[in-house]
Amino acid sequence: MGKTLAEKILSARSDEEARAGNIVVARLDLVFVQDSTGPLTLRQFNETGLNTIYNSARTVLFIDHSTPSPARELSNDHIFLRSFAEEKGAVLSDVGEGVCHQLVAESWAKPGDIIVGADSHTVTAGALGAFATGMGSTDIAIAMALGKTWLRVPETIRIIVRGRFARGVSAKDLILHLIGQIGADGATYMALEFSGETIATMPMSERLTIANMAVESGAKVGLFPSDSITEDYLRRQGRKEQYIPLSADPDASYESTIEIDAAQLEPTVAKPHTVDNIALARELAGVDIEQVFLGTCTNGRLDDIRIAASMLQGKKRHPHTRLVVAPASQKVLLAALAEGYITTLVESGATIVPPGCAACLGVHQGVLGDGESCLSTANRNFKGRMGNPEAFVYLASPATAAATAIRGKITDPREFL
Amino acid sequence: MLKGKAFKFGDDISTDHIVPGRLLHLRSNLPELAKHVLEDADSTFARRVKKGDFVVGGKNFGLGSSREHAPLVIKMAGVSAILAKSVARIFFRNAINLGLPVLICDTESINDGDELEVDLKSGKVENLTNGAELSFNPIPEIMLAILNEGGLIPYIKKYQDFVV
Ligand code: SF4
């Protein structure tokens, strides 16, 4: 019997016949932490008494969640991360370089890898055909020390997408629609595997958006085949030689199959306070929004900024609506500057903040006031997510975000196309 | 045998309810962070919980971020086990890695304040308040081995590797 993508990758990296339901111990290609989970990971690592990092050249400490630091306690955490990296030889990604998952995609992940990170959105690298999953600090501490971890081989839900997106509709609407359909726990312990003609031609930036949000359905991993788009992306990152083609066997066995017609999708929004609380943008027309946030590991890439800039060109944000933009990495920021998108956005009234997580997790750079609503391109809208349990977070695409910034109310972006 | 009072929560209690991002600056000050445990779900919980009590959730308990601080502060509050209809994947691993049992069972019949008795060996929960008896799903073997050593750090100290 054939194998799913998850079974293939886990078999290759464990030298075992990895079948859904089995437990395997797999060799790891990349282990990473970020500054909110990292300090606990390093303390746990020190607890083990094992002392040396198994593969320090592929162990990365990212400082991205609170950059530059807004508080002395966090500055001290950053000092701890830097000195650990120095002492043990791990790779450090410091203030301003960007969000860990974006940097993993740009510089580290390759097809067939097994990647574990102390951050739930580690799944993002599934877009490149890597089995990438998030874990907690203790698991990552042990992964750093041993270079391996135990994994239960997940059952797989196959998502087949056909048809072309209508104008104003993109990958974000697709993944929000899917999560609305299967629920925030619809894929718990399972893999999502994406295929179909829409996926075959989907650019990497959109694949990353979809893989990123796989975890919002409870999934362990959101996998894409490795194909010519993957090859092209790796080539543009200067890593052409790391390409290998990878796809599921035609006779693989799936837990279930969901088919989606992309042409039927409309701009979609997740309402407070759960990601599966889905509505169409046009159904929410008129909801007042005090802040629009464009950025994050979900939608802070160049394509996202380009879409927003093209819609805001020559227009102003609504006077009652702040527009905060955080490019996902330094590379994205530089490209957006070179293309003139940043100028367009600033002229429209946007505030540009440095590459990093920024307002996403409610620490700084856009914390909401009591009763305020934010429309964000991020992946989570839980109560308290943006720093205030008395505030409301709506999730949507960059196009919906730009339209909403102009009107000051949730707006279907098709009104501007 | 574990015995204590049930603190009942609803469905979809996320890691943001348990330790919100706005308290990020306290993550290296665990005693201070622990004072806020589950604050955004029940602001009185930290004050009322006693050693040995249970956190009882609905479906998808612990969804959201990978922050291990979430099960950690629940453990620091003295909670002896978490019971829920279903649990998010990362939270499940994290709790077990810290030596905090997570028991998947139908928590519908448990009410806030009920006295519970949990037998980890037999997999039974007895509700001393209403007399109901529940059984929970067996914990996967590797996780049980980790739990039995008191968590992943003591497990690795003992075996130096994963023994599966
Ligand atoms: S951008 Fe948001 S979701 Fe992504 S890693 Fe940062 S905090 Fe997490």
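Note that these values count all heavy atoms, side chains included, but never hydrogens, waters or copies made by symmetry. Quantities reported herein were computed from a predicted structural model and do not represent experimental measurements. Lettering of chains follows the sequences in order, A, B, ..., and the numbering in each one begins at 1.
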For A/Thr37 and B/Arg27, which I'm curious about, is there any donor-acceptor pair between the side chains at under 3.5 Å? no
Indicate whether the side chain of A/His121 and that of A/Glu216 have a donor and an acceptor atom separated by less than 3.5 Å. yes
Whatever's closer than 4.5 Å to a heavy atom in chain A on B/Ile156 counts as side chain
Okay, B/Ser28 and chain A: the region with an atom under 4.5 Å from a heavy atom over there is both
With a cut-off of 6.0 Å (strictly less than), are more than 12 heavy atoms of other residues, nucleotides or ligands near CD of B/Glu141?
no
Chain B shares the most heavy-atom pairs under 4.5 Å, among A/Thr133, A/Val24, A/Ile140, A/Asn388, with A/Thr133
message: Could you check whether any side-chain heavy atom of B/Asp53 comes within less than 4.5 Å of a side-chain heavy atom of B/Lys51, counting everything from C-beta outward?
response: no
Heaviest contributor of heavy-atom pairs below 4.5 Å to chain A, chosen from B/Leu72, B/Leu63, B/Asp12, is B/Leu63
Most heavy-atom pairs under 4.5 Å with chain B, out of A/Arg72, A/Lys383, A/Lys220, belong to A/Lys220
Q: Might you work through the ring pair (Phe, Tyr, Trp, His ring centres under 6.0 Å) test for B/Phe9 and B/His17, ending with a clear yes or no?
A: CA-CA 11 Å; B/Phe9 295 87; B/His17 287 99; 9.0 Å; no
Most contact-rich option vs chain B, by heavy-atom pairs under 4.5 angstrom, among A/Gly134, A/Gly387, A/Ser69, is A/Gly134
Per-residue tally against chain B (heavy atom, under 4.5 Å) across A/Asn76, A/Leu361, A/Val215, A/Val367 peaks at A/Leu361
Just by distance, with hydrogens left out, do B/Asn130 and B/Asn111 show a side-chain donor and acceptor under 3.5 Å apart?
no
Would you please classify the geometry between the B/Tyr155 ring and the B/Tyr159 ring as parallel, tilted or perpendicular, with 30° and 60° separating the classes? tilted
**Prompt:** Which of parallel (below 30°), tilted (30 to 60°) and perpendicular (above 60°) describes A/Tyr189 and B/Phe92?
**Reply:** tilted
When the 4.5 angstrom heavy-atom criterion is applied to B/Asn29 and chain A, the contacting part is neither
Most heavy-atom pairs under 4.5 Å with chain B, out of A/Ala141, A/Ala184, A/Ser75, A/Ala71, belong to A/Ala184
State, with a plain yes or no, whether a side-chain heavy atom of B/Ser109 is found less than 4.5 Å away from one of B/Leu134.
yes
- Does some side-chain heavy atom of B/Phe54 sit less than 4.5 Å from a side-chain heavy atom of B/Ile82? no
Return yes if some donor-acceptor pair links the side-chain N/O of A/Thr67 with the main-chain N/O of A/Ile63 below 3.5 Å, else return no. no
The interface call for A/Arg380 against chain B, heavy-atom contacts under 4.5 Å, is side chain
Per-residue tally against chain A (heavy atom, under 4.5 Å) across B/Ile153, B/Leu98, B/Asn94 peaks at B/Ile153
If one checks every heavy atom of B/Leu23 against chain A at 4.5 Å, the contacting part turns out to be neither
The interface call for A/Asp77 against chain B, heavy-atom contacts under 4.5 Å, is side chain
task: Go through the steps for B/Asp11 and B/Asn60 under the test side-chain hydrogen bond (donor to acceptor under 3.5 Å, both in side chains), then give the verdict.
output: CA-CA 6 Å; B/Asp11 292 338; B/Asn60 211 11; over 6 Å; no
In terms of heavy-atom pairs under 4.5 Å with chain A, the winner among B/Lys59, B/Glu39, B/Arg67 is B/Lys59
Chain B shares the most heavy-atom pairs under 4.5 Å, among A/Leu146, A/Thr48, A/Leu40, with A/Leu40
Honestly, the part of A/Thr149 sitting under 4.5 Å from a heavy atom of chain B is both
Okay, B/Ile146 and chain A: the region with an atom under 4.5 Å from a heavy atom over there is side chain
Pair count under 4.5 Å, heavy atoms only, with chain A: among B/Leu30, B/Ile142, B/Thr15, highest is B/Ile142
The interface call for B/Gln160 against chain A, heavy-atom contacts under 4.5 Å, is both
